[in-house]
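See structure below.
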Amino acid sequence: MAYWLFKTEPDAFSIDDLKNAPAHTTQWEGVRNYQARNFMRDEVKQGDLVMIYHSSCKQVGVAGIATVTREAYPDPCQFDLNSGYYDPKATTENPRWVVVDVTYKHHLNNLVSLKAIKENEAVTDIALKKGGRLSIMPVTASDWDQIIKMAH
DNA sequence: GCCAACGTTGGC
DNA sequence: GCCAACGTTGGC
């Protein structure tokens, strides 16, 4: 089982929205970055655990935990003319973008802020610390444990 | 295949 | 809302 961090803007879709979604589950739609897509397409597996990270908001950080309940399949938004995620170069024969399904597990007792993660020297590998803008990133078991501890 | 111009992300 | 850092596009 692997660990991941998925970014979302809570004004658009928050950990609370995931909790309140039908079956506490959503398609993780709209990822339009190739590196992030490749992770979803090739490496994100059913049963993997995901940190839900809130970006571009007042309280930036890890807000809760979800689990992967369906592996990669074509993102329906890429074919939807009315979607902001429509991609004219994507076809049903050759879809360009994928989604996975994630299901709510729980909130963290306390949001673990980006600042706290950056300041914790025991968190060593996460791409968040390197200023990258990846929206889907792997998390090592060690970093996962450290961040979970920080929520207590 | 280089790289300048442009667009987007995302913290602050 | 600003702007730095990064990714993508497209002319050559």
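Per chain, numbering begins at 1; letters A, B, ... match sequence-line order.
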Below 3.5 Å between N/O atoms, which protein atoms pair up with nucleotides 4-8 of chain B? Just atom names and distances, please.
from	atom 1	to	atom 2	distance (Å)
B:dT8	O2	A:Arg133	NH1	2.9

Roughly, in whole Å, what's the span from CD1 in A:Ile136 to C1' in B:dT9? 14 Å
Rest of the hydrophobic cluster containing A:Trp97 (Ile/Leu/Val/Met/Phe/Trp/Tyr, side-chain heavy atoms under 4.5 Å)? A:Tyr34
A:Val99: hydrophobic cluster co-members (side-chain, 4.5 Å): A:Tyr73
For residues 11-19 of chain A, please give each side-chain donor-acceptor pair under 3.5 Å, one per line with the distance, not counting sequence neighbours.
from	atom 1	to	atom 2	distance (Å)
A:Ser14	OG	A:Asp16	N	3.2
A:Ser14	OG	A:Asp17	N	3.1
A:Ser14	OG	A:Asp17	OD2	3.4
A:Asp16	OD1	A:His107	NE2	2.7
A:Asp17	OD2	A:Ser14	N	2.9

With sequence neighbours left out, write down each residue that passes ring-ring contact (aromatic ring centres under 6.0 Å, His included) with A:Phe39, or none if nothing qualifies. A:Trp4
How close or far is atom P of B:dG10 from atom CD of A:Gln59, stated in whole angstroms? 18 Å
For A:Asp87, all residues meeting salt bridge (charged side-chain N to carboxylate O under 4.0 Å, His left out), sequence neighbours excluded: A:Arg96
Name the residue closer to the 5' end of DNA chain C, choosing between A:Arg96 and A:Lys130 according to the nucleotide with the nearest heavy atom. A:Lys130
Can you tell me the distance, in whole Å, between the NZ atom of A:Lys129 and the C1' atom of B:dG10? 18 Å
Do A:Asn120 side-chain atoms and A:Gln146 backbone N/O form a donor-acceptor pair below 3.5 Å? no
Determine the contact category for A:Ser56: base if any of its heavy atoms lies under 4.0 Å from a base atom, sugar-phosphate if only primed atoms, P, OP1 or OP2 are that close, otherwise nothing. base
A:Lys7 side chain near B:dG10 phosphate (N/O to OP1/OP2, under 4.0 Å): yes
With a cut-off of less than 4.0 Å, is there a side-chain N or O of A:Tyr53 near OP1 or OP2 of B:dT9? no
